[in-house]
Amino acid sequence: MLSNSAHSYSYEECKTISDWLLAHTEVRPLVAIVCGSGLGKLAEMIKDPVILKYKDIPNFPQSTVQGHAGQLVFGTLQGKHCVCMQGRFHLYEGYSIQKITLPMRVFKLMGVHTVILTNAAGSLNPGYRVGDIMVIKDHINMPGLSGNNPLVGPNDDRFGTRFPCMSDAYDRKLRQLAQEVGAELGFSDFLKEGVYFVLGGPSFETIAECRMLHMLGVDAVGMSTVHEVIVARHCGMRCFALSLISNEAVMEYTSQEKANHEEVLETGRVRAGQMEELVSTIVSRLEEYSAC
Ligand SMILES: O=P(O)(O)O[C@H]1O[C@H](CO)[C@@H](O)[C@H]1O
Ligand SMILES: Nc1nc2[nH]cnc2c(=O)[nH]1
């Protein structure tokens with residue numbers, strides 16, 4: 001019997017989904033790519049795609065947000081077997097935190113060793129511009145600080161340890177590789193590195209909240225990624241994450257700017273090509289690094 005939405009998925013439930021997927025594709029993914037809002041085009045890089053819609057995968061959640069297609073795309077990228085999540089899940093969709101992170105454990109059981117996550121985010125760093133791409137070097141987990149962590153509940157040691165370390169959540173070698181690749185591609189002017197802050201959403205931040213985040217030293221804010229990274233790291237997968245800066249946080253009471261999802265999606269369309277180049281070149285060089 002499947003756990004209800006307020007419950008963790010058991011190892012066996014994750015295994016059942018993993019086995020179902022393995023039976024429906026010959027791809028044996030080593031790399032998983034998560035497409036953020038407006039970044040679904042990344043999945044078009046995948047060669048010889050086998051597409052499995054979330055609605056057809058037993059016990060899989062459904063995407064409800066515009067800009068998240070709701071399907072897994074299996075295939076190859078730069079000759080490597082990959083799975084691409086074209087549509088992720090967010091806390092504000094009403095799913096439990098365990099449910100939105102379920103795909104990470106399923107990918108682990110399928111054989112994935114590296115997860116590349118992307119998202120759209122608002123910037124707090126005055127040096128950032130819309131269209132910048134930020135390599136995430138660290139995060140602040142607001143829901144986690146108040147007890148909403150995806151690892152809450154009984155720990156299954158087959159996935160990982162009770163108390164996982166997060167000081168190395170975002171792989172240092174992959175971050176370095178991204179900067180090297182970015183320089184080669186001529187992206188240095190808009191490729192940054194910084195700290196991502198996750199909150200629950202779906203409302204965007206108030207001006208006072210943005211000022212607080214700025215004081216905390218946050219570079220970008222969003223509503224995703226961190227929960228997935230925690231679960232992926234718990235089960236030993238290597239993580240690399242990119243934020244596409246889709247809007248600048250509103251910090252002044254006199255400002256007429258208003259954060260909105262349409263702007264977020266539009267920035268994704270504008271930078272899609274460069275995001276694809278960056279991700280696919282990084283994937284092409286992954287063998288230079290051993291999995292953790
Ligand atoms: O983080 P991704 O999925 O890219 O989406 C970001 O964009 C949406 C807001 O426009 C929020 O869901 C925020 O988290
Ligand atoms: N919370 C949050 N999420 C975002 N996603 C894209 N832009 C933003 C933003 O400004 N704030």
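None of the values given here were measured: they were computed from a predicted structure. Start at 1 and go down the list; that is how both ligands and their atoms are numbered. Computed over heavy atoms, backbone and side chain alike; hydrogens, waters and symmetry mates excluded.
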* Look at the aromatic rings of Y54 and F89 and report parallel, tilted or perpendicular, splitting at 30° and 60°. => tilted
* Is it the side chain, the backbone, both or neither of V264 that has a heavy atom closer than 4.0 Å to ligand 1? -> side chain
* Relative to the heavy atoms of E205, which atoms of ligand 2 are at a distance of less than 4.0 Å? -> 1 (N), 2 (C), 9 (C), 10 (O), 11 (N)
* Is there a donor-acceptor pair closer than 3.5 Å between any side-chain N or O of D19 and the backbone N or O of T16? -> no
* Asked: Between K15 and L109, is there a donor-acceptor pair closer than 3.5 Å when you use the side chain of the first and the backbone of the second?
  -> no
* **For H68, the ligand 1 atoms whose distance to one of its heavy atoms is below 4.0 Å** => 3 (O)
* Among G122, G38, A120, G36, which residue places a heavy atom closest to atom 8 (C) of ligand 2? -> G122
* Structure fact -> the protein heavy atom lying closest to atom 14 (O) of ligand 1 turns out to be M223 N, 3.0 Å
* Structure fact -> For L199, the ligand 2 atoms with a heavy-atom partner under 4.0 Å come out as 1 (N)
* Asked: Y11 and F159: aromatic ring centres closer than 6.0 Å?
  -> yes
* **ligand 1 atoms in contact with Y92 (distance to a heavy atom under 4.0 Å)** => 11 (C), 12 (O)
* Verify the ring-centre separation between H90 and H68: is it less than 6.0 angstrom? => yes
* Any atoms of ligand 2 less than 4.0 Å from a non-hydrogen atom of V264? List them with their elements. => 6 (C), 7 (N)
* Distance, nearest 0.5 Å, that separates CD1 of I133 from CD of Q274 -> 6.5 Å
* Asked: Got the closest protein heavy atom to atom 10 (O) of ligand 1, with its distance?
  -> H261 ND1, 2.6 Å
* **Nearest neighbour in protein (non-hydrogen) for atom 8 (C) of ligand 1** => S37 OG, 3.7 Å
* Asked: Is there a heavy atom in S246 that sits closer than 4.0 Å to ligand 2?
  -> yes
* In ligand 1, which numbered atoms sit nearer than 4.0 Å to a non-hydrogen atom of S224? -> 1 (O), 2 (P), 3 (O), 14 (O)
* By number and element, which atoms of ligand 2 are closer than 4.0 Å to a non-hydrogen atom of M223? -> 1 (N), 2 (C), 3 (N)
* **Interfacing atoms of ligand 1 (cut-off 4.0 Å, heavy-atom, G36)** => 4 (O)
* Asked: Where is the nearest protein heavy atom to atom 3 (N) of ligand 2: which residue, which atom, and how far?
  -> G222 CA, 3.3 Å
* Which bit of H90 is near ligand 1, meaning a heavy atom under 4.0 Å away: side chain, backbone, both or neither? -> side chain
* N247: numbered ligand 2 atoms lying under 4.0 Å from its heavy atoms -> 6 (C), 7 (N), 8 (C), 9 (C), 10 (O)
* Asked: Hey, does G201 sit under 4.0 Å from ligand 1 if you only count heavy atoms?
  -> no
